[in-house]
Amino acid sequence: MTSKQTGEAWMNEILDGHPILCEDLEKNYGLKSNDRISVKEKVGIFLYTLALGLSNGDVAEWFQRSGETISRAFHDVLESICGRSKGFMGIAREYIRPKDATFHCISSHIENDSRYMPYFNVIDCVLHWMRDDGTHIDACIPMVDQMRYRGRKGVHMFNVMVICDFDMCFTFISVGWEGSAHDTRVFLHAIETPSMNFPKPPEGKYYVVDKGYPDRKGYLAPYPRLIYHQS
């Protein structure tokens, strides 16, 4: 740790004129500075770790901090994002949600595309696209739990389910399921667990879902062995 530029100085340079995220997390989502480390350096540690997938030791070297400080800072930001800070909802639930909670409006990507209109206008169909398509994230798992997290590709993974709107913005994310979990199990847990706040489709509206999910009211799966992705 011989660098003359501290993590604090580096974050000051990066965030010069762009402190909005840090201010938002501090003001509205419970993230706090302490006498050793500021909010913006905590956010820098968090984003730097996620963006590059670095180890605790690598991040500690870059920010000129101890491994314990790096770990605490990372989890402080994670708690404010996920809503674990006492009395705060969490920035994730504030931003990762449908733009139109009532699903009343038809996306311009459907309304202005002759492949979809007027057909989907008549049946009020396809507002979002829920997909899995083998979205598994590599995971470092304790030895006792490794068997459950071994996916079909033979490595330890998390199974991630997301909903994405036609502007390519996430409106729902379910993470943390073991790689061996079937897509249907992940799906049913999301829609049947109230605390997940799953944005369920209203009467007469549908999600287009991947073929790994069950075909049921409100969720439109493709016929087996048919190509359903638009080019």
Set of side chain to side chain donor-acceptor pair (under 3.5 Å) partners for R150, sequence neighbours left out: H156
R216 versus F187, closest heavy-atom pair with distance: CD-CE2, 3.9 Å
Are the side chain of [X] and the backbone of [Y] linked by a donor-acceptor contact shorter than 3.5 Å?
{"X": "K217", "Y": "E203", "answer": "no"}
{"X": "S33", "Y": "V39", "answer": "yes"}
{"X": "T49", "Y": "I45", "answer": "yes"}
{"X": "D24", "Y": "I20", "answer": "no"}

Reported CG-to-CG distance for the pair L25 and D76, which is rounded to 0.5 angstrom: 11.5 Å
Over 12 non-hydrogen atoms of neighbours within 6.0 angstrom of CZ in R36: no
Hydrophobic cluster identity match, M157 and M147, side-chain contacts under 4.5 Å: no
Side chain to side chain contact (heavy atoms under 4.5 Å, CB included) assessment of I91 paired with N28: CA-CA 8 Å; I91 197 171; N28 300 315; over 6 Å; no
Verdict with reasoning, F46 to L78, per side chain to side chain contact (heavy atoms under 4.5 Å, CB included): CA-CA 8 Å; F46 183 81; L78 183 63; 4.0 Å; yes
Option from R148, R185, H182 for which side chain to side chain contact (heavy atoms under 4.5 Å, CB included) with W177 holds: R185
